[in-house]
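All ligand and atom numbering here is 1-based and tracks the order in the structure.
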Amino acid sequence: MLLGCIGDDFTGSSDLGNTLTKAGMRSVQYVGVPDRPAEAGVEAGIVALKSRSLPVAEAVRQSLAALDWLMAQGCEQILFKYCSTFDSTPEGNIGPVAEALADRLGAEQVIFCPAFPAAGRTVYQGHLFVGDRLLSESGMENHPLTPMTDPDLRRWLARQVQGEVGHVAAAQVFGGPQAIRAAFAASGARHLICDAIRDEDLLALGRAAQGHPLVTGGSGIAMGLPEAFRSAGRLSGAAGGWRGQKGRAVVLSGSCSNATRGQVAAHAGPSLPVRIEALMADEITSRCATEWSLAQEGLPLVYSSAEPEAVRAAQERFGREAVAEKVEGFFAESARALVAHGVTRLITAGGETSGAVVEALAPAALEIGPEIAPGVPCLRAGPDLVLALKSGNFGGPDFFAEAEAMLGRDA
Ligand SMILES: Nc1ncnc2c1ncn2[C@@H]1O[C@H](COP(=O)(O)OP(=O)(O)OP(=O)(O)O)[C@@H](O)[C@H]1O
Ligand SMILES: O=C(O)[C@@H](O)C(=O)CO
């Protein structure tokens, strides 16, 4: 294994797997820290954690355990993958995890770049944009777990770390790898927020970070990392043959992000809305949702996705953590029951939701298949089970139908 990756959620890790696979690395996504060595031939190993919303100390502990396993597999560079919308709170977890990994690896400088231009995320003047909106006006300010209320990544990261935060500006990034390296050297700061607005900026940053033991960012920053291994003749170039999966498909959506709400509204098949009041009172259970799904024709959608006002009202009434726990438990149990009843294609929307579902299904590793939409690949979780784990804000309005079709198709 050459490149070791630690993802702070499961959907984000599959997004990263998609990027690395497209860039020609044989990549495998592991669900949690494996308890055995990696199989031979894996060039990029992604340990997917569900650490984005954990208490800081626990997120750090799990990330260091992932690091230890990756180093034991021989990794020469580590990538810490977080969300392209920098999902975190003023306490963490991005800063503390990155700092702990840097300390363990002896990394003097660490770059931070969540940009993912294909999905509309760009960093300019240290500020994160989603399309033409600042992060804090993009809908992310209403996120149920990590509301992003400040688009200035330098300021946000500075609240999370002990070391100094510096900035590599677009003008320096446009100058290419050498100019970027000069900017790294000129800055005394340990943590560097890097501007990037185009794929070529990410490629240049990746090249400039050659030799850095630790790189952090969204999946975009991974585009430039395989090149160092390729140019040294260390990639096999072997592409795995993807096999699609026939059979029943179901969509489970606990994501309240703008894109998901649009996809729920556009869904042409049967839909089962899950109201939080009904869920908290056990008036709707995973058993009802499973029975309902199995009785439908077409592509059934079970969703708790709701408008920001409804999310806020539910959190005020029942408590944020209690609601999240109940919703995630509901989707996890539903997924388990659906698969036990012969569902072979599961499409999940939302990072936390997908994480809960994958933990419930407990596959040891996920094979990465073709791309459904930017950032979302097909995944094989077992001989008869394929998944699409959609990050909240990814995918066009018809994503659910597109995912069903793509999961059924051979490459
Ligand atoms: N109707 C609702 N009211 C309150 N909270 C909800 C509701 N529906 C879902 N939730 C909770 O909101 C959170 C949504 O997070 P999740 O990560 O699944 O989606 P997302 O934030 O859109 O995705 P991503 O993290 O990929 O951007 C979950 O913890 C879920 O349990
Ligand atoms: O980077 C992204 O936006 C995604 O891979 C993700 O992590 C959302 O959960």
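- For the pair V311 and ligand 1, a heavy-atom separation below 4.0 Å is found.
- Inclusion of L145 in the set of residues having an N or O under 3.5 Å from an N or O of ligand 1 is not warranted.
- Assignment of R52 to the shell around ligand 1 is supported, since a heavy atom sits closer than 4.0 Å.
- When only interatomic distances are considered, the shortest N/O to N/O separation between R52 and ligand 2 falls below 3.5 Å.
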Discussion item. Walk me through whether L67 and I78 qualify under side chain to side chain contact (heavy atoms under 4.5 Å, CB included).
Written reply: CA-CA 8 Å; L67 175 64; I78 298 294; 3.6 Å; yes
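- For S14 and Q29, the side-chain atoms include no donor-acceptor pair closer than 3.5 Å.
- Distance from atom 8 (C) of ligand 2 to its nearest protein heavy atom, with residue and atom name: S391 OG, 3.1 Å.
- A side-chain hydrogen bond (donor to acceptor under 3.5 Å, both in side chains) with S305 holds for exactly one of S253, S255, S257; it is S253.
- Using modelled atom types, one finds a donor on one side chain and an acceptor on the other under 3.5 Å when comparing S236 with E43.
- Counting protein heavy atoms only, atom 19 (O) of ligand 1 is closest to G350 CA, 3.3 Å.
- Residue contact check for ligand 1: C256 places a non-hydrogen atom closer than 4.0 Å to it.
- For the residue pair K390 and T260, a side-chain donor N or O sits within less than 3.5 Å of a side-chain acceptor on the partner.
- Here the protein heavy atom with the shortest distance to atom 28 (C) of ligand 1 is E328 OE2, 3.6 Å.
- Regarding atom 1 (O) of ligand 2, its nearest protein heavy-atom neighbour is S84 N, 2.8 Å.
- Residue D15 places at least one N or O, backbone or side chain, under 3.5 Å from an N or O of ligand 2.
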Item to complete: For the pair E352 and K50, evaluate salt bridge (Lys or Arg N to Asp or Glu O under 4.0 Å) and give the outcome as yes or no after the intermediate values.
Response: CA-CA 8 Å; E352 298 293 326; K50 195 170 179 293; 3.2 Å; yes
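- Looking at ligand 2, you won't find any N or O of S219 less than 3.5 Å from one of its N or O atoms.
- Aromatic rings from F116 and F394 are positioned such that their centres are separated by under 6.0 Å.
- By heavy-atom distance, the residue among A259, G254, G392 lying nearest atom 11 (C) of ligand 1 is G254.
- Among the atoms of S257, some N or O lies under 3.5 angstrom from an N or O of ligand 1.
- Between the S63 side chain and the A59 main chain, a donor and an acceptor come within less than 3.5 Å of each other.
- Of the heavy atoms in P144, only side-chain atoms (C-beta onward) come closer than 4.0 Å to ligand 1.
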